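Report on the following structure.
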Amino acid sequence: MASPLQSFSLRGDQREFNLQRTSTLAFNIINIVGAIGIAVIFLTALCAKSISRWREWYLLLFMWFITTISYLLLIGWQSEEGPPSGLCLFQATMIYASHPSSALAAIAFVVREWFAVRSIVYKSQSLSATKGHWLFISPIILWIAIMIEISSADVSQIRRSSTGMYCRVASNIPNVISLGLELLFLVTIVVFQVWVLAMVSNHWKVARKALRSSGGSIRLTTIVRLSCFALGVLFFMGLEVIFSTVNGSDNKPQRNVVLASISVSIFIVFLQKDMFYVWFPSLNFQGISPPPSGGL
């Protein structure tokens, strides 16, 4: 007969096991929903002639799709049995490369917005072709560089995290560098978005007329959406700091579940009205006209 202390320990282990299993299931489901949602709006905008988007918009969604998919590569290998070393290395490479690159793609998107608003408010020159080109390819270059660097790591240094949800490098150096780059990029996003809001607020009469114009390269709703995106960035940055400092590194499954919801948040923020007119053409026959797509 087990002693009270042993019974308490067994119940604690069972609760920990149930929490781990439930968190892993939630982690996978949220990532699957996010990946499907991002893929749907990406392909809708890409294939529908009535929808126009900046190329930075496509880049941001594509990068976040890759980030989300990378977390799903370990499905079937998240329990007791460890994944093959090759799969673990590939997933770790994808994760470490995708996070900073996705944040840099978000910077490219917000900077493009900043140039568009500045050209409206101050009647200044819009983003040049050369600057726009480098703005677009910089996340891709960073992604390739990190992929090459991590893929050359010793396979013995790649292991599944303590939560079992994904693979990571055992050394803390790549984790610190990746997190540092990500936080730097996310802070930059917030700074530029606050700058945009300040320009619009200080020149409201000029900006309101231009932003509501159907022929403009950017609309007021776009700024609102990107402001929501920036608020979401602040929210998830705060959670990342809290989980990293209070709860330890990556040993809390709740942290992974919360951070997995970023992809779903991106799907919700960038799901726009003009896509519904593509999915449900009958709306056009009910006296409702599709909104002008504009530049975004």
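Because only heavy atoms are used, hydrogens play no part in the values below, and waters and symmetry mates are left out as well, while side chains stay in. The structure presented is a predicted model; accordingly, all values stated were derived computationally and were not measured. Along the sequence shown, residues carry numbers from 1.
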(message) Does any part of the side chain of Trp195, heavy atoms only, come nearer than 4.5 Å to the side chain of Val117, both counted from C-beta?
(response) no
(message) Are the side chains of Trp143 and Ser98 in contact, using a 4.5 Å heavy-atom criterion?
(response) yes
(request) Carefully, step by step, assess Arg168 and Arg160 under the rule side-chain contact (heavy atoms from CB on, under 4.5 Å). (result) CA-CA 6 Å; Arg168 62 188 293 272; Arg160 196 172 58 182; over 6 Å; no
(request) Give the intermediate values and the outcome of side-chain contact (heavy atoms from CB on, under 4.5 Å) for residues Phe192 and Ile189. (result) CA-CA 5 Å; Phe192 268 96; Ile189 292 169; over 6 Å; no
(request) Give, for atom CE of Met63 and atom CD1 of Ile140, the distance between the pair rounded to the nearest 0.5 Å. (result) 5.5 Å
(request) Determine whether Phe280 and Leu43 fall in the same hydrophobic cluster, where Ile, Leu, Val, Met, Phe, Trp and Tyr are linked whenever their side-chain heavy atoms lie under 4.5 Å apart. (result) yes
(message) Within this structure, what is the CD1-CG distance for the pair Ile107 and Leu60, rounded to the nearest 0.5 Å?
(response) 11.0 Å
(message) Take a 6.0 Å sphere around CD of Gln157 and say whether it holds more than 12 heavy atoms from other residues, nucleotides or ligands.
(response) yes
(request) State which residues pass side chain to side chain donor-acceptor pair (under 3.5 Å) with Ser261; sequence neighbours excluded, sorted by chain then number. (result) none
(request) Provide the closest heavy-atom pair for Ile95 versus Ser70 in the form atom of the first, atom of the second, distance. (result) CG1-OG, 3.6 Å
(message) A side-chain contact here means heavy atoms from C-beta on lying under 4.5 Å apart; do Leu74 and Leu87 qualify?
(response) yes
(request) Could you label the plane-to-plane angle of the Trp57 and Phe270 rings as parallel, tilted or perpendicular, counting under 30° as parallel and over 60° as perpendicular? (result) perpendicular
(message) Is there a side-chain contact between Ile158 and Thr93 in this structure, where contact means two heavy atoms from C-beta onward sitting under 4.5 Å apart?
(response) no
(message) Could you measure the distance from the CZ atom of Arg53 to the CD1 atom of Ile41? Nearest 0.5 Å is fine.
(response) 8.5 Å
(request) Return yes if some donor-acceptor pair links the side-chain N/O of Tyr277 with the main-chain N/O of Ser50 below 3.5 Å, else return no. (result) no
(request) Side-chain contact test, heavy atoms from C-beta onward, threshold under 4.5 Å: evaluate it for Leu72 versus Ile69 and give yes or no. (result) yes
(message) On a heavy-atom basis, which atom in Ala116 and which in Ser119 lie closest, and how many Å separate them?
(response) O-OG, 2.7 Å
(message) According to side chain to side chain donor-acceptor pair (under 3.5 Å), who are the partners of Gln193, at least two apart in sequence or on a separate chain?
(response) Glu113, Ser227
(request) Would you mind reporting whether Ile177 and Leu181 have side-chain heavy atoms less than 4.5 Å apart? (result) yes
(message) As a quick check of understanding, evaluate side-chain contact (heavy atoms from CB on, under 4.5 Å) for His133 and Arg55, giving each step before the final call.
(response) CA-CA 10 Å; His133 177 71; Arg55 60 180 182 175; 4.2 Å; yes
(message) Would you compute the distance between atom CD1 of Ile51 and atom CG of Asp274 and round it to the nearest 0.5 angstrom?
(response) 4.5 Å
(message) Would you say the rings of Phe42 and Tyr58 are close, in the sense that their centroids are separated by under 6.0 Å?
(response) yes
(request) Could you tell me whether the side chain of Leu142 reaches within less than 4.5 Å of the side chain of Pro100, counting heavy atoms only? (result) yes
(message) Would you compute the distance between atom CH2 of Trp114 and atom CE of Met199 and round it to the nearest 0.5 angstrom?
(response) 6.0 Å
(request) Report whether Trp279 and Leu46 are members of the same hydrophobic cluster (ILVMFWY, side-chain heavy atoms less than 4.5 Å apart, transitive linking). (result) yes
(request) Write down the atom of Trp64, the atom of Ile38, and the distance for their closest heavy-atom approach. (result) CB-CD1, 4.1 Å
(request) Could you pull out the closest heavy-atom pair between Phe65 and Ala39, with the gap in Å? (result) CE1-CB, 3.8 Å
(message) Using every non-hydrogen atom in the two residues, find where Ala103 and Phe185 come nearest and quote the distance to one decimal.
(response) CB-CB, 3.6 Å
(request) Of all the heavy-atom pairs spanning Met165 and Phe27, show the shortest one and how long it is. (result) SD-CG, 3.7 Å
(request) May I ask you to check whether over 12 heavy atoms, not counting those of Phe90, lie within 6.0 Å of atom CZ? (result) no
(message) Determine whether Ile36 and Ile32 satisfy the following criterion, side-chain contact (heavy atoms from CB on, under 4.5 Å), listing intermediate values before the conclusion.
(response) CA-CA 6 Å; Ile36 293 175; Ile32 290 172; 3.8 Å; yes
(message) If hydrophobic clusters are built by linking Ile, Leu, Val, Met, Phe, Trp and Tyr wherever their side-chain heavy atoms come under 4.5 Å apart, do Ile173 and Leu89 end up in the same one?
(response) yes
(message) Working to the nearest 0.5 angstrom, can you tell me the gap between Leu135 CG and Arg112 CZ?
(response) 8.0 Å
(request) Give a yes or no on whether the ring-centroid distance for Phe109 and Phe136 is below 6.0 angstrom. (result) no
(request) Only counting residues at least two apart or in another chain, list the ones meeting side chain to side chain donor-acceptor pair (under 3.5 Å) with Ser102. (result) Thr67
(message) According to side chain to side chain donor-acceptor pair (under 3.5 Å), does anything in residues 177-189 pair up with another residue at least two apart or in another chain? List the pairs.
(response) His99-Glu182
(message) Does anything in residues 25-43 form a side chain to side chain donor-acceptor pair (under 3.5 Å)? List the pairs, not counting sequence neighbours.
(response) Asn28-Gln78
(request) May I ask you to test the Leu59-Pro139 pair for a side-chain heavy-atom distance under 4.5 Å? (result) yes
(message) Checking Ser101 now: which residues fulfil side chain to side chain donor-acceptor pair (under 3.5 Å) with it, not counting sequence neighbours?
(response) none
